[in-house]
K.L.:
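Quick one: this structure, given as structure tokens, is what I'll be asking you about.
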Amino acid sequence: MLGGISIWQLLIVLGIIILIFGTKKLRNVGSDLGGAVKGFKKAMHEEEKGEEKDDVQTQARVDHKEETNTYDVQAERKPEEQEERK
């Protein structure tokens, strides 16, 4: 079974734990552990939503639907530079 531990041995260990700690304390530990797991899952889910929002905002910044002004320019050398090169 579980590395040579039978179901009877597990039940005996569980019974000893219940006798030592009591059911009330074990219930509190279980609810605390469950609350921690729920909090962890919630935090992971919120983080994933945050990453999705960041992706959408990045795409919105990259999207160029607005009209922009475009200028056609022809570059020419200054007369001073042309004289120095001769």
Side-chain angles (χ1 to χ4, degrees):
M1 191 169 193
L2 297 170
I5 299 175
S6 70
I7 189 75
W8 295 111
Q9 291 170 336
L10 289 175
L11 288 174
I12 292 170
V13 170
L14 181 63
I16 293 171
I17 291 174
I18 290 173
L19 287 173
I20 292 173
F21 294 109
T23 56
K24 188 175 182 180
K25 195 169 219 177
L26 289 176
R27 191 179 316 126
N28 290 341
V29 169
S31 64
D32 290 345
L33 183 62
V37 170
K38 284 181 184 178
F40 178 74
K41 286 182 181 180
K42 183 179 177 183
M44 292 299 293
H45 186 66
E46 288 175 356
E47 184 177 312
E48 289 174 1
K49 282 186 177 180
E51 288 176 0
E52 290 174 4
K53 287 181 182 178
D54 290 345
D55 291 343
V56 170
Q57 290 174 354
T58 303
Q59 290 175 356
R61 278 188 258 138
V62 173
D63 193 17
H64 298 288
K65 290 184 180 178
E66 299 176 6
E67 287 188 32
T68 57
N69 296 332
T70 308
Y71 301 100
D72 291 330
V73 180
Q74 183 176 359
E76 296 179 2
R77 293 184 186 217
K78 294 181 181 179
E80 302 163 357
E81 291 178 5
Q82 289 176 354
E83 291 176 10
E84 291 176 4
R85 293 190 180 251
K86 288 184 180 179

K.L.:
Tell me every residue that passes side-chain contact (heavy atoms from CB on, under 4.5 Å) with I12, counting only those two or more places apart in sequence or in another chain.
P.N.:
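For I12 the side-chain contact (heavy atoms from CB on, under 4.5 Å) partners, ignoring immediate neighbours, are I16.
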
K.L.:
Donor-acceptor pairs under 3.5 angstrom involving side-chain atoms of residues 26-34: please list them, not counting sequence neighbours.
P.N.:
{"unit_1": "S31", "atom_1": "OG", "unit_2": "R27", "atom_2": "O", "d": "3.3"}
{"unit_1": "S31", "atom_1": "OG", "unit_2": "N28", "atom_2": "O", "d": "2.9"}

K.L.:
Would you say Q9's side chain and S6's backbone share a donor-acceptor pair under 3.5 angstrom?
P.N.:
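Checked: pair present.
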
K.L.:
Do I20 and L14 sit in the same hydrophobic cluster, where Ile, Leu, Val, Met, Phe, Trp and Tyr count as joined when their side-chain heavy atoms come under 4.5 Å apart?
P.N.:
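Yes, one cluster joins them.
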
K.L.:
Measure the spacing between CD1 of I7 and CG of L11 and express it to the nearest 0.5 Å.
P.N.:
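One finds 5.0 Å between CD1 of I7 and CG of L11.
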
K.L.:
Could you check V13 against I17 for side-chain contact (heavy atoms from CB on, under 4.5 Å), going step by step and ending with a plain yes or no?
P.N.:
CA-CA 6 Å; V13 170; I17 291 174; 4.0 Å; yes

